[in-house]
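The structure appears right after this line, and notes come after that.
Letters go in sequence order (proteins before strands), and every chain restarts at 1.
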Amino acid sequence: MVIYLTMKINLYNSLTNKVEEFKTIKPGEVSMYVCGPTVYSDPHIGNMRPVVLFDTLNRFFTYVGYKVKFVSNFTNVDDKIINKAIKENVSEEVISERYTKDYMDCLDALNILPAYKRPKVTEYMDDIIKYIANLVNINAAYVVDGDVFFDVMKVKDYGCLSKIKIDDLISGARVELNDKKHNPLDFALWKKTENGIKWHTDWCEGRPGWHTECCVMIDSIFGGVIDIHGGGLDLKFPHHENEIAQAMATHNNKIAHYWIHNGMMNINSEKMSKSLGNVIKAKDGINLYGADTIRLLLLNCQYRNTLNFTDDAVRDTNAILDKLNNCYKQLNLKLALEGVKLEGKSDLINPFLESMSDDINLPNAITNLLDMIKLANSELRNKDCSLDKLKEYFYALSGMIYVLGLHINVRIYTSDEISLYKEYLDSKKSKDFVKSDELRKVLIEKEVL
RNA sequence: GCUUCCUUAGCCAAGUUGGUAAGGCAAUUGACUGCAACUCAAUGACCGAUGGUUCAAAUCCGUCAGGAAGCUCCA
């Protein structure tokens with residue numbers, strides 16, 4: 001397993017807009033942080049794209065032998081949460097916990113690996129306040145009437161991630177008007193608030209802005225620069241840009257060596273939006289189409305491209321899944337019948353791993369999967385099929401299924417099931433079709449066939 | 001207006017250190033099969049348009065057209 005650590009992995013870095021060779025900071029260990037949800041409503045299906053993508057990346061790293069420290073946060077302090085709490089006349093915690101649970105339910109359904117940590121903003125308030133205080137101390141931030149703003153002019157590289165020039169932004173059509181700010185691009189680190197949960201600080205009673213929490217959590221949990229920071233493309237600006245600005249001011253680093261952004265998702269070529277009424281909630285999508293279908297559908301598209309969710313895409317995805325399930329089941333059964341060990345690894349998975357190493361080229365990896373299925377099916381049809389080959393195919397497919405995170409497991413058959421299956425094969429051989437048809441019915445009921 | 005990105009067969013979709021285009025779905029044909037399911041094989045594109053660089057470009061550069069996202073704490 002560890003031998004794969006020598007594998008060369010390339011990743012597209014949003015920071016440089018180039019494909020770069022992936023080198024970890026600590027040998028054999030990957031630190032990865034992905035921006036999580038603001039827990040104020042049900043997650044929709046598009047929210048699951050980064051979830052599934054980065055989980056698959058996590059699985060890939062794990063499979064090839066890395067230890068992965070995966071962290072994703074919950075924003076549980078936010079205007080939307082406060083407003084919803086007021087509307088329902090409950091505490092903010094009730095709201096945020098409700099939707100945190102909903103979110104976690106979706107992750108469970110989608111077979112997401114446990115994270116190293118899933119921190120919440122409220123758990124890091126002391127660190128956040130200290131972090132902001134330091135920014136004020138070093139003069140990268142300023143206080144106006146209790147509000148604290150970050151001064152973007154204090155950072156040389158502001159715009160390095162989004163490739164946006166400060167001057168262009170300022171002359172842009174839609175810059176927020178705020179008399180308090182020195183510069184329209186300055187963003188709130190801490191704001192004075194009337195409603196909702198608030199914390200006491202020297203500046204005022206209030207709560208933090210959105211952009212600081214990720215910096216602080218990464219600092220506190222990882223204690224320095226990390227390997228990968230991920231998130232949706234929509235977060236690139238201003239959120240990730242502002243994270244980098246704060247880290248540059250604080251530590252003179254850009255938080256992560258590799259910034260990875262997944263593309264957005266459309267439904268029938270339209271952006272999901274409440275006004276169009278085309279939003280599919282994640283849990284509804286999972287219930288309607290199945291977790292594996294959703295997972296594979298989200299993965300079967302270059303991750304930086306816009307993904308279009310359509311009925312055709314669902315159909316295509318199911319075709320792949322059906323093939324995989326059928327083939328895997330037949331291999332499993334055949335090997336079980338012959339008493340071959342069902343756990344193992346095979347080098348036949350290498351093309352798949354190479355596709356994954358090529359900037360997470362999942363469409364090609366899935367093609368590799370289909371190639372393997374084709375080989376296995378042909379061999380299964382072969383009258384004197386080679387058990388060794390079937391075993392290799394099975395092991396390779398098992399690895400791919402693990403990386404893709406599908407709910408397809410190795411099945412251990414009971415001796416009764418095996419003998420029933422043998423009986424079925426014998427009856428077919430002796431052309432006792434009445435009996436074989438009956439046995440087939442039973443076997444299908446038991447999901448052996 | 002500014003920034004970034006996209007445009008490949010009926011549909012979905014890979015493919016940038018340049019050298020005559022993966023795969024899937026659908027369709028048609030054939031093979032296998034006691035029947036069914038499953039499966040296998042064969043058949044299609046000169047890569048948005050137009051210039052340029054080059055012996056050679058889907059792949060590099062220019063222009064145009066169409067589309068997307070961001071610039072508004074929405075992944």
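For the P atoms, the distance from B:U20 to B:A57 is 11 Å, rounded to whole Å. Between B:G48 and B:G66, the two C1' atoms lie 8 Å apart (nearest whole Å). For the C1' atoms, the distance linking B:C11 with B:A26 amounts to 7 Å, nearest Å. The gap from the C1' atom of B:U8 to that of B:C46 amounts to 10 Å, rounded to the nearest Å. Across the P atoms, B:G1 and B:U17 are found 34 Å apart, a figure rounded to whole Å. Taking atom C1' on both nucleotides, B:A22 is separated from B:C61 by 28 Å, rounded to a whole Å.
Between the side chain of A:R381 and the base of B:C40, no donor-acceptor pair of N or O atoms lies under 3.5 Å. Taking only distance into account, the side chain of A:R440 never meets the base of B:A37 through a donor-acceptor pair shorter than 3.5 Å.
Atom CG in A:N364 sits roughly 9 Å away from atom P in B:A14 (whole-Å rounding). Distance CG (A:N10) to C1' (B:U17): 12 Å, rounded to an integer number of Å. What separates CD of A:Q302 from P of B:U7 is a distance of 11 Å, to the nearest Å. Whole-Å rounding puts the A:H261 NE2 to B:G70 C1' distance at 11 Å. The CG-P distance, from A:D186 to B:C71, rounds to 18 Å in whole Å. With rounding to whole Å, A:M372 atom CE is found 14 Å from B:G23 atom C1'. Between A:N300 atom CG and B:A13 atom P there is a gap of 9 Å when expressed in whole angstrom units. In this structure, A:N368 atom CG and B:A22 atom P are separated by 15 Å, rounded to whole Å.
For A:K323, the side-chain atoms get nearest to B:C25 when compared with the rest of B:A69, B:C25, B:A75. Among B:C38, B:C40, B:A68, the nucleotide with an atom closest to any side-chain atom of A:T306 is B:A68. Considering only the side chain of A:T367, B:A22 comes nearest among B:A75, B:A22, B:C5.
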Q: Show your working on side-chain contact (heavy atoms from CB on, under 4.5 Å) between A:V30 and A:L57 and close with a plain yes or no.
A: CA-CA 11 Å; A:V30 178; A:L57 188 56; over 6 Å; no

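Phosphate contact (OP1/OP2 of B:C5, side-chain N/O of A:K236, threshold under 4.0 Å): absent. Not one side-chain nitrogen or oxygen of A:N361 sits closer than 4.0 Å to the OP1 or OP2 atom of B:A14. One finds a side-chain N or O of A:K374 lying less than 4.0 angstrom from the OP1 or OP2 phosphate oxygen of B:A41.
Counting any heavy atom pair closer than 4.0 Å across all strands shown, A:N308 reaches no nucleic acid atom. Using a 4.0 Å heavy-atom distance criterion, A:A319 is classed as a sugar-phosphate-only contact.
Between A:H261 and A:H240, the ring-plane angle classifies as tilted under the 30° and 60° cut-offs.
A side chain to side chain donor-acceptor pair (under 3.5 Å) check over residues 360-372 of chain A, counting only residues at least two apart or in different chains, returns the pairs A:S355-A:N368.
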